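A quick write-up on the structure given underneath.
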Amino acid sequence: MINILSSQKYEYLKQNILKQADCFNDIRMETETFPDGEHYWKIATPEQLRRKPAVYIAGTVDDESIFELYNIASTLVREQCSSLHIVIPYFGYSTMERAIKDGEAVTAKNIANLISSVPQAPLGNFVYMMDLHSLGTQYYFENTIHPVHITSWNVIKEMLSPFGKNIVLASTDMGRAKWIEKMGNELQLETAYIMKKRLSGSKTEVVALNAEVKDKDIVIFDDMIRSGTSLIHAAEAYKNAGANNIYVITVHGIFVSGALEKLKSCGFIKKILCTNTHANTHKINDNFIDVYDISKVISEKLKLLER
């Protein structure tokens, strides 16, 4: 039996994973926030943890979640789980994986170092991350922790399936061109990407488009959507080049405050399809966005622990 817990924000994903197989045992958490802002956490049945694998699902979606992850992960080891498996569906601060200016904090690396300092379970500590913005982030983990990268590729193919072969798979910029090329080659789809010139800190100009998109339906793929500004600029560029309907597929739908309304009202995008790696997607109830569940992808990886 594999014990499974989650942070408060990822309770929805834990419940979905529990439905995927009968090898998972649901462990509840008791939580409380005191008037001074301090938090209390307690594993409801710690005796069930001993000498069994423990899976903890928690994203680094904000600073409070990172603090919660560290506390619970450390407690699971103290309560004698045989091995610790931290599942991070969305790795926050993923764009801060290197310093551009002097004095900048490399927050992605600092988070990895913090998780690496969790005490080691007898059979090891593992951290599972899905579709990292920068694959190099997994190598920031130190000591004896084992990083495992998971891809949502099967879910992305499911998203693309209804469109058939008569689409152009496109990227928002050159940074995702290799992803698009790989997807296009496997699915035998035509691909496109745009090249931009930065005019200032907030303005860019499209200077080239590598494919003919006139009168064609476009599916833009981007690994994450936060404010949606770059995505809207890309959709506008494809529309100005004569594209017909424009759809968007993303893994991590973060959708910061106001982003959804901005994307809907821009007039360039017909629909967005995303996975539920980020807790914000659990709150979405809008026909403009279709949310796909990634619990099967995660459970298939975790079920191997029972062997």
Side-chain angles (χ1 to χ4, degrees), residues 1-92 111-130 141-148 150 276-279 282 293-295 297-307:
M1 190 62 69
I2 303 165
N3 291 312
I4 184 168
L5 310 87
S6 73
S7 65
Q8 296 179 72
K9 291 187 176 179
Y10 276 93
E11 175 70 20
Y12 74 93
L13 192 53
K14 181 186 75 169
Q15 293 302 325
N16 289 355
I17 292 173
L18 286 167
K19 297 173 185 175
Q20 297 294 332
D22 57 9
C23 61
F24 298 116
N25 178 44
D26 186 7
I27 302 289
R28 293 184 304 103
M29 292 291 305
E30 298 173 7
T31 63
E32 184 178 353
T33 301
F34 298 115
D36 61 359
E38 292 186 353
H39 300 282
Y40 171 84
W41 296 287
K42 180 183 182 299
I43 298 169
T45 52
E47 66 279 358
Q48 295 186 41
L49 296 171
R50 287 157 199 162
R51 295 178 294 280
K52 293 178 183 176
V55 172
Y56 182 54
I57 305 167
T60 58
V61 295
D62 52 37
D63 295 350
E64 187 171 291
S65 297
I66 296 166
F67 186 62
E68 181 181 4
L69 186 159
Y70 181 81
N71 273 282
I72 302 306
S74 298
T75 304
L76 289 169
V77 175
R78 192 193 68 201
E79 293 297 338
Q80 302 174 43
C81 63
S82 61
S83 57
L84 174 64
H85 304 266
I86 303 171
V87 179
I88 303 178
Y90 170 70
F91 192 91
I111 293 170
N113 289 341
L114 180 67
I115 296 172
S116 299
S117 69
V118 171
Q120 185 180 356
L123 297 181
N125 293 0
F126 303 79
V127 58
Y128 303 76
M129 295 157 290
M130 178 162 282
F141 291 87
E142 299 178 341
N143 303 328
T144 55
I145 197 165
H146 305 279
V148 180
I150 306 175
N276 59 349
T277 58
H278 197 285
H282 186 56
D293 183 29
I294 46 86
S295 62
V297 175
I298 295 174
S299 66
E300 289 297 322
K301 183 71 68 172
L302 296 176
K303 282 191 293 186
L304 301 175
L305 303 178
E306 199 177 30
R307 296 179 179 178

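If you read the sequence from its start, that first residue is 1, and numbering goes on from there. For clarity, every value in this text was computed on a predicted model and none was experimentally measured.
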The side chain to side chain contact (heavy atoms under 4.5 Å, CB included) partners of D36 (sequence neighbours excluded) come to F34, E38
In chain order, what residues pass the side chain to side chain donor-acceptor pair (under 3.5 Å) check against H278, with sequence neighbours excluded? none
Just by modelled atom types, is the S116 backbone N or O under 3.5 Å from a matching donor or acceptor in the N125 side chain? no
Partners passing side chain to side chain donor-acceptor pair (under 3.5 Å) against E142 (at least two apart in sequence or in another chain): none
Please check this pair: side chain of Y56 against backbone of L76, looking for a donor-acceptor N/O pair closer than 3.5 Å. no
By side chain to side chain contact (heavy atoms under 4.5 Å, CB included), which residues pair with T75, not counting sequence neighbours? I43, R78, E79
Side chain to side chain contact (heavy atoms under 4.5 Å, CB included) with P122: which residues, sequence neighbours excluded? none
Looking at residues at least two apart in the chain, or sitting in another chain, which of them share a salt bridge (Lys or Arg N to Asp or Glu O under 4.0 Å) with E300? K303
Y10 side-chain N/O to T277 backbone N/O, donor-acceptor pair under 3.5 Å: yes
Nearest-0.5 Å distance, CE of residue M129 to CD1 of residue I86: 10.0 Å
Sequence neighbours left out, what passes ring-ring contact (aromatic ring centres under 6.0 Å, His included) with F141? Give chain and number order. none
Under 3.5 Å, sequence neighbours excluded: what are the donor-acceptor pairs made by side chains of residues 64-73?
residue	atom	partner	partner atom	Å
S65	OG	D62	OD1	2.7
E68	OE2	Q8	N	3.4
N71	ND2	F67	O	2.9

Side chain to side chain contact (heavy atoms under 4.5 Å, CB included) against E11, all qualifying residues, sequence neighbours excluded: S6, K14, Q15
Would you say N143's side chain and I145's backbone share a donor-acceptor pair under 3.5 angstrom? no
Got L84 and V127 here, is their nearest side-chain heavy-atom distance under 4.5 Å? no
Contacts of R28 that satisfy salt bridge (Lys or Arg N to Asp or Glu O under 4.0 Å) - sequence neighbours left out: none
Residue list, side chain to side chain donor-acceptor pair (under 3.5 Å) with T60, at least two apart or on another chain: none
I'd like to check I115 versus I88 (side-chain heavy atoms, cut-off strictly below 4.5 Å). Are they in contact? yes
Would you please name every residue forming a side chain to side chain donor-acceptor pair (under 3.5 Å) with N25, sequence neighbours left out? N3, Q48
